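Numbers here are sequence positions counted from 1. The model shown is predicted, which means the values in this text are computed figures rather than measured ones.
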Amino acid sequence: MSDFSKILILAGVFLILMGVLMSGKFWFFGRLPGDIVIQKKNFTFYFPLASSILISIIISLIFYFLRK
């Protein structure tokens, strides 16, 4: 299998995983301790800091094991 085809497959798997995570099927995504939520009267600011770090670690591990 060529390198380009591996990249396309990984990109597809990544997009599918992100779609599942963003759909709300996983109760923990976006509600981890460390995610910043500021709610005012007519304004809500949401920054998923801990969720972003968790996704980054998972993706880094996947790429690490695929390189070996």
Donor-acceptor contact present, side-chain Ser60 to main-chain Ser56, <3.5 Å: yes
Reference residue Tyr46; test side chain to side chain contact (heavy atoms under 4.5 Å, CB included); the match among Asp35, Ile36, Ile38: Asp35
Exercise: identify the closest heavy-atom pair between Ala50 and Pro33: CB-O, 3.2 Å
Phe65: side-chain contact (heavy atoms from CB on, under 4.5 Å) partners, not counting sequence neighbours: Leu61
Worked verdict on Phe14 versus Leu10 for side chain to side chain contact (heavy atoms under 4.5 Å, CB included): CA-CA 6 Å; Phe14 174 74; Leu10 286 175; over 6 Å; no
Shared ILVMFWY cluster between [X] and [Y], side chains joined below 4.5 angstrom?
{"X": "Ile58", "Y": "Ile53", "result": "no"}
{"X": "Leu8", "Y": "Leu15", "result": "no"}
{"X": "Ile57", "Y": "Val13", "result": "no"}

Pairwise distance CG(Leu66) to CD1(Ile9) - rounded to 0.5 angstrom: 10.5 Å
